[in-house]
Amino acid sequence: MGRQIFGNTTQSNLIIPDPHQYAMYEDPLDTAFLIENTKTSLLGSRWVFEKSIPSTNDLARELAKEGAPEGTVTLSDAQSQGKGRSGRYWDSPPQGGIYLSTLVYPANPLDVAPFMTLLAGVAVANAISTWCEVTLKWPNDLLAKDKKVCGILCELLPDLKPMPAIVIGIGLNVHQQSSDFSQELRQTATSLFLATGQHLPRTKIIRKLIEELDREYHDFFKEQPQRIIQRWSDRSCMFGQIVTLSKGSRRVKGLVKRLDSKGYLVLETEGGEEVFSAGEVTLKK
Ligand code: BTN
């Protein structure tokens with residue numbers, strides 16, 4: 001079955017780093033609370049909780065093949081092969097973060113797919129902004145104090161029968177300490193604990209996150225798609241900044257102007273305005 005990953009569409013085999021010693025933080029999920037108290041109209045129609053699986057996105061995809069209902073949420077305390085963009089590995093220590101995916105079957109998946117990453121970013125930002133100041137970095141990152149605290153990986157399953165599906169995967173670092181990140185990641189990654197000094201319970205965050213995602217998803221179909229571009233832009237840290245965008249072997253420096261109507265990034269470069277549908281963006285400090 002075909003599969004597309006938005007943003008950078010190359011997905012190589014995952015390179016899984018050597019096992020790393022984590023400072024364990026215990027924060028078991030209250031699954032009954034989530035099932036009973038999460039107030040949504042679509043998401044959470046079915047919850048699947050796991051202790052450790054390779055990837056919640058992969059589980060959602062397998063369940064979709066078996067006809068899982070729209071709104072299915074797959075959650076795991078740990079992932080052994082958590083997937084990030086561009087074939088990268090998403091570090092998923094047990095109970096250290098939130099690793100979840102939701103399954104949706106929009107009527108026009110090819111048209112709406114590019115907006116799903118932006119929509120999920122806005123929903124996560126809404127959900128955690130009561131506890132932590134976060135900003136959005138195109139296309140799929142949330143930053144706290146200029147470091148990445150959350151990443152989003154949306155996958156389109158265009159050939160799924162009887163109808164195509166989209167899996168929205170969210171990885172949020174919650175309890176990690178600096179020593180839990182590799183030397184390399186430490187420069188760029190953070191957690192809610194590192195950003196706020198508080199160990200926020202994952203159950204509470206997940207409830208809010210799924211409620212916000214449900215609301216944003218509904219609003220997206222009720223409103224003009226442009227509204228999500230506006231909401232995303234309102235929460236972004238990028239506009240007016242000089243960035244470097246890498247796409248394949250190309251590196252382009254430019255000033256961030258706006259997102260266009262498709263959610264693509266518009267940069268003012270040496271050669272004039274250029275529009276990018278994908279790429280890795282590095283912000284100048
Ligand atoms: C990125 O920033 O590169 C995206 C990271 C997405 C990670 C999440 S964790 C839950 C879901 N399952 C996966 O295997 N990946 C996503």
Side-chain angles (χ1 to χ4, degrees), residues 3-17 29 43 47-64 68 72-104 113 116-121 123-125 127-128 134-144 147-157 165-176 180-182 184-185 187-192 202 205-206 209-210 213 246-247 278-283:
R3 178 163 55 108
Q4 286 175 19
I5 298 188
F6 311 146
N8 292 358
T9 48
T10 47
Q11 174 82 345
S12 57
N13 289 335
L14 279 180
I15 299 177
I16 301 172
L29 288 185
L43 302 190
W47 294 84
V48 181
F49 299 102
E50 298 286 346
K51 284 280 158 241
S52 182
I53 52 172
S55 154
T56 57
N57 268 29
D58 287 353
L59 176 59
R61 190 181 64 230
E62 291 313 310
L63 294 175
T72 296
V73 177
T74 56
L75 258 157
S76 187
D77 272 345
Q79 296 181 120
S80 55
Q81 292 174 38
K83 299 186 300 183
R85 283 176 76 229
S86 312
R88 280 192 296 262
Y89 173 73
W90 185 261
D91 205 16
S92 314
Q95 301 187 12
I98 291 169
Y99 324 113
L100 69 78
S101 306
T102 64
L103 182 63
V104 288
M116 290 295 120
T117 306
L118 303 179
L119 183 158
V124 181
I128 61 179
V134 283
T135 56
L136 292 168
K137 174 173 164 267
W138 187 85
N140 70 324
D141 294 352
L142 275 88
L143 308 182
K147 289 183 169 181
K148 179 161 171 168
V149 70
C150 176
I152 290 154
L153 182 70
C154 291
E155 299 186 66
L156 172 64
L157 314 177
I166 296 178
V167 173
I168 305 173
I170 298 172
L172 176 63
N173 298 330
V174 180
H175 297 301
Q176 287 96 331
D180 292 332
F181 295 115
S182 64
E184 194 195 340
L185 264 186
Q187 317 301 318
T188 54
T190 190
S191 67
L192 291 179
R202 291 186 308 148
I205 302 170
I206 292 167
L209 198 159
I210 294 294
L213 195 54
S246 315
K247 196 178 172 195
E280 276 315 309
V281 176
T282 312
L283 300 170

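First listed ligand is number 1; within each ligand, the first listed atom is number 1.
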Enquirer: Do any nitrogen or oxygen atoms of Gln79 lie less than 3.5 angstrom from nitrogen or oxygen atoms of ligand 1?
Expert: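 Yes: some nitrogen or oxygen of Gln79 is under 3.5 Å from one in ligand 1.
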Enquirer: For Leu142, which of Ile170, Thr135, Asn173, Val124 qualifies under side-chain contact (heavy atoms from CB on, under 4.5 Å)?
Expert: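 Of all the options given, the one that passes is Val124.
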Enquirer: Hey, is Asp58 touching ligand 1 through its side chain, its backbone, both or neither, going by heavy atoms under 4.0 Å?
Expert: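 Asp58 to ligand 1: no contact under 4.0 Å from either part.
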Enquirer: Under 4.0 Å from any heavy atom of Leu100, which atoms of ligand 1 are there?
Expert: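 Near Leu100, meaning under 4.0 Å from one of its heavy atoms, ligand 1 has 10 (C).
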Enquirer: For atom 8 (C) of ligand 1, what's the nearest protein heavy atom and its distance?
Expert: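 Heavy-atom neighbour on the protein nearest atom 8 (C) of ligand 1: Gly171 N, 3.6 Å.
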Enquirer: State the CD-CG distance between Glu155 and Asn57, to the nearest 0.5 angstrom.
Expert: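 Those atoms lie 4.5 Å apart.
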Enquirer: Which heavy atom of Val167 sits nearest a heavy atom of Arg61, and at what distance?
Expert: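 Distance-wise, the nearest heavy atoms are CG2-N, 4.3 Å.
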Enquirer: Considering non-hydrogen atoms only, spot the tightest contact between Ala78 and Pro94 and give its length.
Expert: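 Scanning both residues, the minimum pair turns out to be CB-CA, 3.7 Å.
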Enquirer: What's the shortest distance from atom 3 (O) of ligand 1 to any protein heavy atom, and which residue and atom give it?
Expert: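 Going by distance alone, atom 3 (O) of ligand 1 is nearest to Arg85 N, 2.7 Å.
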Enquirer: Sort out for me which residue in Ile206, Ile128, Leu192 forms a side-chain contact (heavy atoms from CB on, under 4.5 Å) with Ile98.
Expert: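 When Ile206, Ile128, Leu192 are each tested with Ile98, the side-chain contact (heavy atoms from CB on, under 4.5 Å) holds only for Ile206.
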Enquirer: Closer than 3.5 angstrom, by distance alone: can the side chain of Arg85 be matched with the main-chain N or O of Leu153 as a donor-acceptor pair?
Expert: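 No; judged by distance alone, with no hydrogens or angles, the pair does not exist.
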Enquirer: Would Lys148 count as a polar contact of ligand 1, with the cut-off being nitrogen or oxygen pairs under 3.5 Å?
Expert: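 In this structure, Lys148 places an N or O atom under 3.5 Å from an N or O of ligand 1.
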Enquirer: Which atoms of ligand 1 are found less than 4.0 Å from any heavy atom of Thr56?
Expert: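 Selected atoms, number and element: 10 (C), 11 (C), 12 (N).
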Enquirer: If you compare all heavy atoms of Gly279 against all heavy atoms of Pro139, which two are closest, and at what distance to 0.1 Å?
Expert: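 Nearest pair, atom of Gly279 first, then Pro139: O-CD, 4.0 Å.
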Enquirer: Only one of Leu75, Thr74, Thr72 clears side-chain contact (heavy atoms from CB on, under 4.5 Å) with Trp47; which?
Expert: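 Of the listed residues Leu75, Thr74, Thr72, the side-chain contact (heavy atoms from CB on, under 4.5 Å) partner of Trp47 is Leu75.
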Enquirer: With atoms numbered from 1 as shown, which atoms in ligand 1 lie under 4.0 angstrom from a non-hydrogen atom of Gly84?
Expert: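 Ligand 1 atoms under the 4.0 Å threshold to Gly84: 1 (C), 3 (O), 4 (C), 5 (C).
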Enquirer: Within ligand 1, which atoms have a heavy atom of Trp90 less than 4.0 Å away?
Expert: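 Listed by number with element, the hits are 2 (O), 5 (C), 7 (C), 9 (S).
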Enquirer: Using a strict cut-off of 4.0 Å, indicate which atoms of ligand 1 neighbour a heavy atom of Gly82.
Expert: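 This gives 14 (O) as the contact atoms.
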Enquirer: So for ligand 1, is Tyr99 a polar contact partner (N or O within less than 3.5 Å, distance only)?
Expert: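 No.
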Enquirer: Near Asn140, which atoms of ligand 1 are under 4.0 Å from a heavy atom of that residue?
Expert: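 Per the distance check, 1 (C), 2 (O), 3 (O), 4 (C).
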Enquirer: Is there side-chain contact between His175 and Asp180, with heavy atoms separated by less than 4.5 Å?
Expert: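 Of all side-chain heavy-atom pairs linking Asp180 with His175, none is under 4.5 Å.
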Enquirer: Is Arg88 in polar range of ligand 1, meaning some N or O pair under 3.5 Å apart?
Expert: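 No; the residue has no nitrogen or oxygen that sits under 3.5 Å from a nitrogen or oxygen of the ligand.
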Enquirer: Starting from atom 15 (N) of ligand 1, locate the nearest protein heavy atom and write down its residue, its atom name and how far away it is, to 0.1 Å.
Expert: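 Of the protein heavy atoms, Lys83 O, 2.8 Å lies nearest.
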